[in-house]
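Remarks on the structure that follows.
Residue numbers begin at 1 in each chain, while the letters A, B, ... track the order of the sequences.
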2 protein chains.
Amino acid sequence: MESPFGIGQSANRFMRRIQSGMHAKVRTLGENVAKDIGPHGGFILNTLAEGEPMPVQELVRIMARDKSQMTRKIKDLEAKSLIVRTQCPTDGRVSLLSLSDEGRDIQKKLQRALTSVIEEILSPLSEEEQSQLAQLLQKI
Amino acid sequence: MESPFGIGQSANRFMRRIQSGMHAKVRTLGENVAKDIGPHGGFILNTLAEGEPMPVQELVRIMARDKSQMTRKIKDLEAKSLIVRTQCPTDGRVSLLSLSDEGRDIQKKLQRALTSVIEEILSPLSEEEQSQLAQLLQKI
DNA sequence: TATTGTTATACTCTATAACTATA
DNA sequence: TATAGTTATAGAGTATAACAATA
C-alpha cells in the first residue's frame, strides 16, 4: 500500500467518506435548500466565498470541472437566489458571480458541517500530522 | 489552507486530476473494453486483484460504495466476461467474485495506467514525501 | 429475526461537441 | 481568430427503499 496506486485508493476512500458524511450531515441541518443544491452546489458556494466576485472561468479552473457543468449548476443556484450574477464592466463576455445573503448564510452552515465531517475523519491523526497532510496535498 | 476544510478542497482536486487523467489515458490504450467499463469498473477489477475470490459484501466495504451500485456494475462486468461469479459452498447467500483471464489482463493495464497518472500528479513531491503521504492517508 | 444480494427509481455528476456573442 | 459562456445529449455514479432468499 505504499505505491502510487495505493495512494490513489486511500485518497478515493477519503473523498468517499467526506461525501457520504456530508450527505448524512446535511439532512440533519433541516435546510431544504442545502439538501437541494447537491454536493457541487455546496462546493461552488464555498469556492465563491473565498474570492468574490469571481468569473465563471475561474470557478471552473479552481473546481477543475467542465464548464458546461458549471453553467447548469450556476443556473440552478441563481434560480434559488443563492448567487448573483453581474456583467463584467470591462469585458462583455464575462459573468461575475457573487453570493447572495441567503447564499452566504447557507455557505457558512455547509462549511461548518464540512469542517466537522473532515475533522472526524482526520481524528486518527495528530495535529502535526494533519498539517503535514495539508501541506503535502497543497503541494500537488 | 491549513484547516480541515482546505484539506478537503485539496483532496477533492487530487481525485479530480486522477479521474480526468485516467479518462484521457484510457482512450490512448486503444482498448474498447477498458473504456466501456467506466471508472468504477476499473476500480472493481483492481480491488478484486488484491484478494480474490471476494464476496460482494467485502467489495462493497472496501470500495465504500452502495451495494445496489455494486450489483449493477458487477452484472456489467460479468456480462463482459471480465469477472466470474461462483457460489460460496458454505453460505448459499454469498457470491464470490474472481477475475477472468481477460479481466486480469485489463486490470493489469489499468493499474499501470493509474500508477503512471498518479506518479505524474505526485511528481512535485520527493520520494520521502510521497511515502509520508501514503502513510498519512492509510492511517485515516 | 438478521444478513446477502437484487431490483427499481429518481437524482447528480461527467464528457463531448456544437453553438452564440464579445474581443 | 480566440475566448467566455451556453445548450444539448448521452453516459456514469449515488441514495433510498422495498424485496427475495438463505442463515
Without decimals, in angstroms, what is the distance between [X] [atom1] and [N] [atom2]?
X: A:Lys75; N: D:dG5; atom1: NZ; atom2: C1'; result: 11 Å
X: B:Asn12; N: C:dT12; atom1: CG; atom2: P; result: 18 Å
X: A:Arg27; N: D:dT14; atom1: CZ; atom2: P; result: 17 Å
X: B:Ile83; N: C:dG5; atom1: CD1; atom2: C1'; result: 14 Å
X: B:His40; N: C:dT14; atom1: NE2; atom2: P; result: 12 Å
X: A:Gln87; N: C:dT20; atom1: CD; atom2: P; result: 19 Å
X: A:Leu97; N: D:dG5; atom1: CG; atom2: P; result: 8 Å
X: B:Met15; N: D:dG13; atom1: CE; atom2: C1'; result: 13 Å

Interatomic spacing from CG in B:Leu59 to OG1 in B:Thr47 - rounded to 0.5 Å: 6.0 Å
Which residues share a side chain to side chain contact (heavy atoms under 4.5 Å, CB included) with A:Val94, sequence neighbours left out: A:Pro55, A:Cys88, A:Asp91, A:Leu96
Under the side chain to side chain contact (heavy atoms under 4.5 Å, CB included) test, residues paired with A:Asn12 that sit two or more places apart: A:Arg16, B:Met15, B:Phe43, B:Arg65
Of all pairs that satisfy side-chain hydrogen bond (donor to acceptor under 3.5 Å, both in side chains), the ones with a partner from residues 52-63 of chain A, not counting sequence neighbours: A:Glu52-A:Arg104
Cationic N near anionic O, under 4.0 Å, A:Asp76 to A:Arg72: no
Side chain to side chain donor-acceptor pair (under 3.5 Å) partners of A:Gln107, counting only residues at least two apart: A:Asn46, A:Gln111
Exam field: side chain A:Lys73 to backbone A:Ile37, donor-acceptor pair closer than 3.5 Å: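 The answer is yes, because a donor-acceptor pair under 3.5 Å joins these two groups.
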A:Gln87 atom CD, neighbour heavy-atom count above 12 within 6.0 Å: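 Counting neighbours around CD of A:Gln87, more than 12 heavy atoms of other residues, nucleotides or ligands fall under 6.0 Å, so yes.
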Nucleic acid contacts of residues 60-72 of chain B, taken as heavy-atom distances under 4.0 Å to DNA chain D: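 Output list: B:Arg65, B:Asp66, B:Ser68, B:Gln69, B:Arg72.
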Given D:dT7, C:dG5, D:dG5, the nucleotide with the shortest approach to the side chain of A:Arg85: D:dG5
Among D:dT16, C:dG5, C:dA15, the nucleotide that comes nearest once only the side chain of B:His23 is considered: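 Of the options given, the side chain of B:His23 lies nearest C:dA15.
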Which residue lies more 5' along DNA chain C, comparing B:Ser95 with A:Pro39 via nearest heavy atoms: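 With B:Ser95 and A:Pro39 compared, the 5'-side residue is B:Ser95.
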Student check: side-chain heavy atoms of B:Glu127 and B:Gln130 closer than 4.5 Å: no
Dump the pairs, protein N or O against N or O of nucleotides 1-3 of chain C, anything under 3.5 Å, distances to one decimal.
unit_1	atom_1	unit_2	atom_2	d
C:dT3	O2	B:Arg93	NH1	3.0

Pairwise 5' ranking along DNA chain D for A:Leu96 and A:Ser20, keeping only the more 5' one: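 Final value for this comparison: A:Leu96.
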